[in-house]
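Notes follow the structure.
Chain A is the first sequence line, chain B the second, and so forth, proteins listed ahead of strands; every chain is numbered from 1. Since the structure is predicted, the reported quantities are computational estimates derived from the model, not experimental observations.
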Amino acid sequence: MSVQKPSIPKGTRDFGPAVVARRNYIFGVIRRVFEKFGYAPLETPTMENLSVLTGKYGDEGDQLLFKILNSGDFAKDVTPEDLASGSKKILPKVAEKGLRYDLTVPFARYVVMNRGTLTFPFKRYQIQPVWRADRPQRGRYREFYQCDADVVGTDSLLCEAEIVLMMSEVLNTLGLTEHTIKINHRRVLGAFYQALGSEGTETDLFVAIDKLDKIGQEGVTTELLERGFSAGAINTLFQLLTVEGGFAEKLERLQVAFTQAGVPTEADDQYKGLQELRQVQELLQGFGFTQFQHLEFDPTLARGLSYYTGCIFEIKINNVNMGSVSGGGRYDNLTGSFGLPGVSGVGFSFGVDRLYDCLDELNLFPEGAAAITRCLVANFDADSMTQMLPVLRQLREANVPSELYPESTKLAKQFKYADAKGIPYVLLQGSEERAANQFKLKDLRTGQEQQLSLAELIPLLTSQNQ
RNA sequence: GUAGAUAUAGCUCAGCUGGUUAGAGCGUCGGAUUGUGAUUCCGAAGGUCGUGGGUUCGAGCCCCAUUAUUUACCCCA
């Protein structure tokens with residue numbers, strides 16, 4: 001009999017008690033903010049039909065879907081001809097379900113299936129894991145949690161403004177004050193494309209622009225030249241991209257630049273992008289938003305997902321080397337592929353796993369976030385164990401998370417246990433204390449001990465500020 | 001999918017141009033007059049050096065293969 005070393009699949013993780021406690025802290029902050037803005041929770045199945053998932057994330061996204069082998073004899077419909085013509089032909093016959101890739105598409109599917117019963121505008125949040133068959137690396141996992149908040153059924157830019165407010169509140173509550181909320185508009189990108197004379201393809205241009213901060217002007221230039229853009233067009237592009245100034249100034253200057261470059265106003269009204277960004281800014285001002293130094297209009301922000309049509313968002317934590325911790329945008333026609341056209345939606349998502357890594361690196365988890373038990377009751381001997389049972393019950397009735405050490409061993413061992421678990425208090429009643437009908441309470445953080453009666457004890461342990 | 005790096009104790013890592021019996025710190029367990037943790041001192045357990053071949057008198061070290069992990073690219077949270 002061979003003993004095999006246990007392992008877990010690539011890109012997945014176990015979360016130990018301390019990690020779960022800290023993750024729950026992040027989830028709690030996000031959930032409270034979402035609910036404060038009127039978003040209601042939704043959960044959807046881990047599995048979706050592949051017909052729902054495929055084709056929504058582009059070819060690369062389809063590659064990254066985890067597929068679920070059909071139950072039973074999954075290969076019963078596969079013919080020798082299928083095998084000869086390759087995996088693409090076989091796939092629909094052996095797998096009809098897959099793990100969800102994000103939360104937005106299942107949400108769109110849910111909205112379409114329940115359109116008769118939902119009240120619009122429909123605001124929902126969703127905190128669940130998603131799976132991608134990516135190559136794992138720093139800040140990138142195959143199983144990770146997303147925290148989405150989306151509204152469908154309204155075009156109002158109030159939603160965009162409130163997304164900025166929610167992003168800002170979550171980040172500030174978590175202590176991630178060194179952040180930048182980047183915002184752009186798909187129409188602004190479209191205007192760039194027109195300003196360049198509609199050379200090459202739109203997506204090639206967007207993908208290249210998005211990399212500007214990573215590979216620099218030279219890198220983008222070579223990439224665009226390879227994709228068939230002319231040197232003149234690239235030159236125009238960088239003149240447009242390098243507009244300076246604050247939020248409002250950049251909007252003004254781009255407007256002028258677009259007009260000079262001859263971007264037509266009538267066809268698809270490309271100036272609407274700039275107008276909408278301006279309106280979002282005005283709504284935020286009206287609300288009394290004070291964090292404009294963290295809100296940046298970044299004309300280079302493109303984002304990969306092809307379904308965005310309006311404002312797009314992304315959050316960068318400036319003092320940590322980490323990919324974006326949040327992203328989102330407006331999509332005018334997400335439900336269209338499910339047979340419900342013309343429903344506009346806007347939403348965004350936090351990546352909890354990356355937020356965790358940021359908080360961890362910056363040491364921003366609050367003290368005691370990992371500790372569950374508040375008071376360890378020491379166990380001297382069998383007799384004292386019996387004596388302490390009613391005390392334990394009273395502590396728990398007072399909602400003090402507490403535990404009695406289950407064995408009568410040396411106190412040193414029991415203290416070590418409390419210390420390792422981060423338990424702040426140890427309660428002792430040996431023969432001396434029992435004779436006086438008192439307890440000894442030791443605060444492990446300060447090392448101080450005090451003699452107390454049970455009546456004095458409980459208020460001390462229930463007080464919040466200790 | 002492309003390119004690189006790494007693999008030695010539970011964890012983090014040393015290990016000299018290839019040379020006797022494999023090293024540390026942390027952790028675990030035990031002890032330092034039997035009622036006190038994190039700080040001190042002493043001791044113990046714990047390793048087929050990822051796996052399989054090869055070169056050599058001799059391999060943790062060199063070569064090949066394989067698997068796993070990891071970083072960057074693509075893409076993305």
Side-chain angles (χ1 to χ4, degrees), chain A residues 2-13 16 26 30 57-65 100-104 127-148 167 203 206-208 210-211 214-215 219 223 302-306 308 313-317 320-329 347-358 376 378-381 384 405 408-434 439-449:
Chain A
S2 68
V3 178
Q4 62 175 25
K5 247 188 182 171
S7 63
I8 56 175
K10 190 192 296 202
T12 66
R13 293 141 310 148
I26 300 174
I30 293 172
Y57 311 105
D59 285 345
E60 301 225 8
D62 287 352
Q63 296 284 317
L64 299 179
L65 287 173
R100 65 166 115 63
Y101 179 88
D102 70 358
L103 300 178
T104 311
I127 301 181
Q128 289 189 279
V130 302
W131 292 267
R132 297 182 188 180
D134 232 342
R135 299 286 279 256
Q137 49 187 273
R138 176 181 168 84
R140 170 179 267 178
Y141 308 98
R142 289 187 148 185
E143 176 183 61
F144 61 97
Y145 274 72
Q146 288 194 328
C147 304
D148 272 39
M167 286 175 159
T203 42
F206 297 167
V207 168
D210 196 37
K211 291 187 217 162
K214 208 178 219 172
I215 61 178
E223 180 151 342
R303 298 193 53 73
L305 289 172
S306 44
Y308 291 127
F313 306 96
E314 196 164 285
I315 298 177
K316 184 89 183 64
I317 306 300
V320 180
N321 176 24
M322 177 75 62
S324 67
V325 296
S326 175
F348 74 110
S349 171
F350 281 110
V352 177
D353 306 83
R354 286 188 177 175
L355 282 175
Y356 184 99
D357 292 343
C358 288
L376 177 73
N379 189 335
F380 281 83
D381 48 48
S384 102
Y405 197 85
S408 310
T409 61
K410 294 192 307 182
L411 281 186
K413 189 165 181 175
Q414 302 188 33
F415 272 90
K416 264 187 188 170
Y417 174 81
D419 188 55
K421 239 181 130 174
I423 301 174
Y425 290 101
V426 176
L427 183 68
L428 306 107
Q429 192 186 44
S431 50
E432 294 168 26
E433 291 86 4
R434 199 181 311 150
F439 294 87
K440 191 182 273 184
L441 186 69
K442 177 159 182 169
D443 186 332
L444 291 196
R445 294 161 300 181
T446 63
Q448 288 178 341
E449 297 184 348

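A:Glu314 contributes atom CD, which lies 9.0 Å from atom CE of A:Met167 (distance to the nearest 0.5 angstrom).
The CZ atom of A:Arg132 sits 9 Å away from the C1' atom of B:C75 (whole-angstrom rounding). Rounded to whole angstrom, the span from the CG atom of A:Asp353 across to the P atom of B:C76 amounts to 18 Å. Residue A:Ile8 contributes atom CD1, which lies 12 Å from atom C1' of B:U69 at whole-angstrom precision. Going from atom CD1 of A:Ile127 over to atom P of B:A77 covers 17 Å, rounded to whole Å.
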Hey, what are the protein-to-nucleotides 70-74 of chain B N/O distances that come in under 3.5 Å?
from, atom 1, to, atom 2, distance (Å)
B:U71, OP1, A:Arg138, N, 3.2
B:U71, OP2, A:Arg138, N, 3.3
B:A72, OP2, A:Gln137, OE1, 3.2
B:C74, N4, A:Arg140, NH1, 2.4

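Partners of A:Ser349 by side chain to side chain contact (heavy atoms under 4.5 Å, CB included), not counting sequence neighbours, listed by chain and number: A:Gln146, A:Asp148. The side chain to side chain contact (heavy atoms under 4.5 Å, CB included) check on A:Val207 picks up A:Lys211, A:Glu223, with sequence neighbours excluded. With sequence neighbours excluded, no residue forms a ring pair (Phe, Tyr, Trp, His ring centres under 6.0 Å) with A:Phe313. A:Asp419 is linked by a side chain to side chain contact (heavy atoms under 4.5 Å, CB included) to nothing, counting only residues two or more places apart in sequence or in another chain. By the ring pair (Phe, Tyr, Trp, His ring centres under 6.0 Å) test, A:Tyr141 pairs with no residue at all, sequence neighbours left out. Evaluation of the salt bridge (charged side-chain N to carboxylate O under 4.0 Å, His left out) rule for A:Asp134 yields A:Arg140 as partners, not counting sequence neighbours. Under the side-chain hydrogen bond (donor to acceptor under 3.5 Å, both in side chains) criterion, A:Tyr417 pairs with A:Glu403, A:Lys421, not counting sequence neighbours. Every residue two or more places apart in sequence or in another chain that forms a side-chain hydrogen bond (donor to acceptor under 3.5 Å, both in side chains) with A:Glu143 is listed here: A:Trp131. Applying the salt bridge (charged side-chain N to carboxylate O under 4.0 Å, His left out) test to A:Arg138 and every residue at least two apart in sequence or in another chain returns A:Glu361.
Across all strands, A:Tyr141 comes closer than 4.0 Å to base atoms (heavy-atom distances). No contact: A:Ser349 has no heavy atom under 4.0 Å from any strand.
Spacing of P atoms, B:C74 relative to B:C13, comes out at 28 Å, to the nearest Å. Comparing the C1' positions of B:A77 and B:A38 gives an interatomic distance of 38 Å, to the nearest angstrom. For the P atoms, the distance linking B:C63 with B:A68 amounts to 22 Å, nearest Å. Taking the C1' atom of each, B:U56 and B:G60 are spaced 16 Å apart, rounded to whole Å.
Cation-pi contact between A:Arg445 and A:Tyr425: present, with separation from the ring centre below 6.0 Å and deviation from the ring axis of at most 45°.
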Taking Watson-Crick and G-U wobble pairs with both distances under 3.5 Å, convert RNA chain B into its dot-bracket string, 5' to 3', dots for unpaired and | for cross-strand pairs. (((((((..((((.....[...)))).(((((.......))))).....(((((..]....))))))))))))....
Annotated protein contacts, base or backbone, on nucleotides 27-37 of chain B with a non-hydrogen cut-off under 4.0 Å, one of B, S, - each: ----S---BBB
